[in-house]
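The figures here come from the full heavy-atom set of this structure, side chains too, leaving out hydrogens, waters and symmetry mates. Read the numbers this way: they start at 1 and go in the same order the structure lists the ligands and their atoms.
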Amino acid sequence: MNTQTITKLLIEAGIEENEAKKEIKMLLEHFCKYTEMDRCRGIMPDEVQLSVLKEKVLERIKDRAPVQYIIGESYFMGEFFKVSPDVLIPRDETEILVTRAIEIIDREDLKDVLDVGTGSGCIACTIAKNTDAVVLGVDISSDALRVALDNVTKLGINNRAVFRKSNLFEKVRDEEKFDMIISNPPYIPLGTELSPEVDKEPKQALFASENGLEFYRKITEQAPLYLKPSGWLMFELGIGESASVKKFMQKEFSEIVVEKDLAGIDRIIYGRLKK
Ligand code: GLN
């Protein structure tokens, strides 16, 4: 038994080769304390490490749960975030949204940010950790909020990112005003077929009615009430949703910008409240 034969088990179970190799590295590092540096130095994983790796690979294959749920952590913008099946796994695409948000917050010295549908808290925590802003994260799921709270502690930013159980803006008070509202809302149209891995993520974090647009519409309609003058609204976008979301936003927002991801897909949209 070696890493190649174990990697083959993943590939034979239908996991794409590059993904399989990436997951083997992640499992070795997390469960076996075997790093890329060891590999570069020509050190091979020992029998004990290989048997642990195989056990985890068999667990991964058994019900095709995402490797991040098995590890219990997911890497996002320089940090490892706790994840569980109660939260969406942070995606690479979301880094585009957070990077742009941080840039705007720094440039304009913004102080108050609201993250709607915070999930694991990856957006809220990354902004709080890398700017002078304080972030309020809201989510409808208490289970997700427990994970977000653990992440705040893990990152050592306890009073900088705070969380509240709220269905969208329901528990945000009228007098609370923010410089920026940011959201990576559920955006997959109801009825869309999912890969076995995505199917293990919380449905509440994935699906939206109105062809995937439900939360963009609701958040865009209510955001002006909770924004300071010229406040920013920023969203991550699902595939093919940019034109519709832009239309929602054009009513009350100006200077609207759409940016693409590396695959050329419109991935984020942002604008500021009209004067
Ligand atoms: N805000 C979290 C993220 O971007 C969760 C988003 C969600 O559950 N739709 O990963």
Side-chain angles (χ1 to χ4, degrees), residues 66 68-69 71-102 113-130 133 135-152 154-155 157 161-169 172 178 180-190 192 194 197-220 223 233-239 241 245 259 261 265 267-270:
Q68 291 89 344
Y69 286 160
I71 290 174
E73 280 183 350
S74 178
Y75 184 78
F76 181 76
M77 292 190 77
E79 304 284 347
F80 283 96
F81 285 82
K82 176 183 169 178
V83 292
S84 77
D86 294 318
V87 298
L88 191 87
I89 296 162
R91 301 293 204 272
D92 289 347
E93 289 84 349
T94 308
E95 300 198 356
I96 306 171
L97 178 72
V98 176
T99 302
R100 189 64 67 240
I102 289 173
V113 176
L114 175 64
D115 174 24
V116 179
T118 198
S120 65
C122 63
I123 295 177
C125 292
T126 306
I127 291 177
K129 175 121 193 172
N130 293 287
V135 189
L136 169 63
V138 294
D139 205 286
I140 193 171
S141 159
S142 314
D143 294 328
L145 288 173
R146 267 189 281 277
V147 175
L149 276 174
D150 284 346
N151 280 322
V152 146
K154 203 164 186 271
L155 268 65
I157 44 166
V162 293
F163 297 98
R164 190 183 300 166
K165 185 175 157 72
S166 176
N167 181 4
L168 302 179
F169 298 94
V172 184
F178 299 88
M180 176 185 283
I181 295 174
I182 188 166
S183 183
N184 174 23
Y187 56 58
I188 300 178
L190 281 172
T192 306
L194 304 173
E197 285 79 10
V198 177
D199 194 50
K200 305 293 180 306
E201 295 185 275
K203 301 286 171 290
Q204 216 175 15
L206 296 171
F207 286 117
S209 64
E210 303 172 28
N211 279 325
L213 299 172
E214 174 190 1
F215 297 104
Y216 297 112
R217 181 184 61 74
K218 291 181 172 168
I219 294 169
T220 306
L233 176 61
M234 305 190 74
F235 287 119
E236 179 171 323
L237 292 166
I239 296 175
E241 296 177 335
V245 178
E259 290 185 33
D261 63 17
I265 294 163
R267 189 53 75 184
I268 67 168
I269 187 164
Y270 53 95

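By the side-chain contact (heavy atoms from CB on, under 4.5 Å) test, D86 pairs with S84, D143, sequence neighbours left out.
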Hey, what polar pairs (N/O, under 3.5 Å) does ligand 1 make with protein?
residue	atom	partner	partner atom	Å
ligand 1	1 (N)	G117	O	3.1
ligand 1	1 (N)	T118	O	3.2
ligand 1	4 (O)	N184	ND2	2.8
ligand 1	9 (N)	N184	O	2.9
ligand 1	9 (N)	A205	O	3.1

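A distance-only check finds a donor-acceptor pair linking the side chain of R267 to the backbone of L237 [under 3.5 Å]. When atom types are taken as modelled, the side chain of T126 and the backbone of C122 share a donor-acceptor pair closer than 3.5 angstrom. For E259 (side chain) and I268 (main-chain N/O), no donor-acceptor pair under 3.5 Å exists by modelled atom type.
Applying the side-chain hydrogen bond (donor to acceptor under 3.5 Å, both in side chains) test to pairs two or more places apart or on separate chains, those with a residue in residues 74-83 are K82-D150.
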Counting only pairs under 3.5 Å, give me each side-chain donor-acceptor contact of residues 206-216, with atom names and distances, residues two or more places apart or in other chains.
residue	atom	partner	partner atom	Å
S209	OG	E214	OE1	2.9
E210	OE1	R217	NE	2.7
E210	OE2	R217	NE	3.4
E210	OE2	R217	NH2	2.8
E214	OE1	S209	N	3.0
E214	OE2	K218	NZ	2.9
Y216	OH	E236	O	2.7
Y216	OH	G238	N	3.3
Y216	OH	E241	OE1	3.4

